[in-house]
Student: 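Pasting in a structure now, in structure tokens, and then I'll have a few things to ask.
Being a predicted model, the structure only gives us computed values, none of them experimental.
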Amino acid sequence: MVVLSQPALNQFFLLKPFKSTPLFTGIPVVDLTHPDAKNLIVNACRDFGFFKLVNHGVPLELMANLENEALRFFKKSQSEKDRAGPPDPFGYGSKRIGPNGDVGWVEYLLLNTNPEVISPKSLSIFRENPHHFRAVVENYITAVKNMCYVVLELMAEGLGIRQRNMLSRLLKDEKSDSCFRLNHYPPCPEVQALNRNLVGFGEHTDPQIISVLRSNSTSGLQICLTDGTWVSVPPDQTSFFINVGDALQVMTNGRFKSVKHRVLADTTKSRLSMIYFGGPALCEKIAPLPSVMLKGEECLYKEFTWWEYKKAAYTSRLADNRLAPFQKSAAD
């Protein structure tokens, strides 16, 4: 456990006197096997940009295996972990989130989801027991991808899109620019005496189409409701939480909202989360889908490629409204 003085905490981490937020009981829950799942998904994405997915079909054993392997890595000495960094963007990172000054009480592994593409930094992560760790990661990612395709196809149906694979095909593309992240938030007992909360990962939206999150039983995740209220999401280590990303907000012409979220570190327990970020190919054009829009409805966003948006997103700060430059104005 790392021990930091108050000046060190204030200097390096974004501390704010957040009010204690009770666990929010209104998170939409979607049963993937429910006959009306397509409409439940659409309603949740429209009202919250976020929902909890149960009866998802991903074996709990895959989740537990990956959690154990991840914890084994994060328990290594700092010098051992640093061999897998600094991130390029793949590999191991600690405290710094992106290249633009954002910091948080977090350490992480960022991996490519394409098994054909292994970055040199990732190879050092897998060095000790390469076949086992890689197999555990790839088995988990494969299962989550397949589940995600089902969610996106039900979503397309619920939106009234005739081509059922309109959204899922973007993630199935062999050039899909998707990634996978393991976040570890160590406990920080020093913060308790300050009567403040320590930001593990600052507020942001995810730029991709969809994010699939699973965590251990430690709370910390918060989402921002449409009225600007921050609420705490009750953890559930057997379920997944689905986030609408910026690209999906554009493709639905604003019907779905990319949910703003953040993570607060716990004073006594570590939090481990694993997130699959489903993105399109770099050359894919992102724009409101004509099949979603009503007759005469105006496009709220300009067309752009995923590469153009990704480049803009990663030159911004976490909390920036990264879609703002791509919104259409009256003059357009």
Student: Would you say Arg322 and Tyr309 make side-chain contact, with heavy atoms under 4.5 Å?
Tutor: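 Heavy-atom side-chain distance check passes, below 4.5 Å.
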Student: Step by step, work out the salt bridge (Lys or Arg N to Asp or Glu O under 4.0 Å) result for Glu153 and Lys172.
Tutor: CA-CA 12 Å; Glu153 285 166 10; Lys172 289 181 179 180; 3.3 Å; yes
Student: With a 4.0 Å cut-off, would you call Lys52 and Asp236 a salt bridge?
Tutor: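 Result for this pair is yes, salt bridge flagged.
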Student: Answer whether the closest heavy-atom distance between the side chains of Met251 and Leu170 falls below 4.5 Å.
Tutor: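 Yes, at least one pair of side-chain atoms sits under 4.5 Å.
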Student: Less than 4.0 angstrom from a charged side-chain N to a carboxylate O is my criterion; do Arg96 and Asp102 meet it?
Tutor: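 The answer is no: the pair does not qualify as a salt bridge.
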Student: Sequence neighbours left out, what passes ring-ring contact (aromatic ring centres under 6.0 Å, His included) with Phe240? Give chain and number order.
Tutor: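 Phe240 satisfies ring-ring contact (aromatic ring centres under 6.0 Å, His included) with His56 once adjacent residues are dropped.
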Student: Can you check whether Gln208's main-chain N or O pairs, donor with acceptor, with Asp206's side chain at less than 3.5 Å?
Tutor: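 Flag not set: sc Asp206 to bb Gln208 has no pair under 3.5 Å.
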Student: Do Asn216 and Glu67 have side-chain heavy atoms sitting under 4.5 Å apart?
Tutor: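 When only atoms from C-beta onward are counted, Glu67 and Asn216 do touch, with a gap below 4.5 Å.
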Student: Do the side chains of Glu308 and Lys311 get close enough for a salt bridge, i.e. N-O under 4.0 angstrom?
Tutor: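 Looking at Lys311 together with Glu308, the answer is no, because their closest N to O distance does not fall below 4.0 Å.
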Student: Between the side chains of Thr218 and Asp266, does any donor sit under 3.5 Å from an acceptor?
Tutor: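 Per modelled atom types, Thr218 and Asp266 side chains form no pair under 3.5 Å.
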Student: For His204, check ring-ring contact (aromatic ring centres under 6.0 Å, His included) against everything at least two apart and list the hits.
Tutor: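 Partners of His204 under the ring-ring contact (aromatic ring centres under 6.0 Å, His included) test: Phe201, His261.
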Student: How far apart are the closest heavy atoms of Pro186 and Trp105, and which atoms are they?
Tutor: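 Heavy-atom minimum between the residues: O-NE1, 2.7 Å.
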Student: For Leu40 and His34, run side-chain contact (heavy atoms from CB on, under 4.5 Å): C-alpha distance rounded to whole Å, both residues' side-chain angles, the deciding distance at 0.1 Å, then the answer.
Tutor: CA-CA 9 Å; Leu40 295 173; His34 193 283; 4.0 Å; yes
Student: Would the number of heavy atoms belonging to other residues, nucleotides or ligands and lying under 6.0 Å from CD of Glu298 be above 12?
Tutor: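 Atom CD in Glu298 is not crowded, with 12 or fewer foreign heavy atoms closer than 6.0 Å.
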Student: Is it the case that one hydrophobic cluster holds both Leu53 and Val29, taking links as side-chain heavy atoms less than 4.5 Å apart, direct or via other members?
Tutor: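 Per the 4.5 Å side-chain linkage, Leu53 and Val29 are not co-clustered.
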Student: Do Leu248 and Leu167 make a side-chain contact, defined as non-hydrogen atoms from C-beta onward lying under 4.5 Å apart?
Tutor: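 Leu248 reaches Leu167 side chain to side chain.
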Student: Is it the case that one hydrophobic cluster holds both Leu71 and Phe73, taking links as side-chain heavy atoms less than 4.5 Å apart, direct or via other members?
Tutor: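 Yes, Leu71 connects to Phe73 through the hydrophobic network.
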Student: Just by distance, with hydrogens left out, do Asn65 and Glu69 show a side-chain donor and acceptor under 3.5 Å apart?
Tutor: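 There is no such pair (donor and acceptor under 3.5 Å, judged by atom type) between the side chains of Asn65 and Glu69.
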Student: Would you check if Ile210 and Leu171 make a side-chain contact, meaning some heavy-atom pair closer than 4.5 Å?
Tutor: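 Yes, side chains in contact.
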Student: Are Val54 and Met155 connected in the hydrophobic side-chain network, where two residues link if heavy atoms are under 4.5 Å apart?
Tutor: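 Each belongs to a different hydrophobic cluster.
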Student: Should Ile275 and Val212 be marked as a side-chain contact (heavy atoms from CB on, under 4.5 Å) after you check the CA-CA gap, both sets of side-chain angles, and the distance that decides it?
Tutor: CA-CA 5 Å; Ile275 313 104; Val212 181; over 6 Å; no
Student: Before accepting this row, confirm whether a basic side-chain N of the pair Lys81/Glu107 lies closer than 4.0 Å to the acidic partner's carboxylate O.
Tutor: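 Between Glu107 and Lys81 there is a salt bridge, with a charged N closer than 4.0 Å to a carboxylate O.
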Student: With sequence neighbours excluded, give me every ring-ring contact (aromatic ring centres under 6.0 Å, His included) pair touching residues 135-167.
Tutor: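 Qualifying pairs, neighbours excluded: Tyr140-Phe180.
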Student: Less than 4.0 angstrom from a charged side-chain N to a carboxylate O is my criterion; do Glu297 and Arg255 meet it?
Tutor: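 Yes.
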Student: Decide yes or no for Val151 and Leu32: does some side-chain heavy atom of the first lie under 4.5 Å from some side-chain heavy atom of the second?
Tutor: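 Side-chain contact under 4.5 Å: yes.
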Student: What's the separation between atom CD1 in Ile141 and atom OG in Ser178, rounded to the nearest 0.5 Å?
Tutor: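 Going from CD1 on Ile141 over to OG on Ser178, the span is 9.5 Å.
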Student: Look up atom CZ in Phe48 and atom CZ in Phe24, then write down how far apart they are to the nearest 0.5 Å.
Tutor: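 Reported value, rounded in 0.5 Å steps: 4.5 Å.
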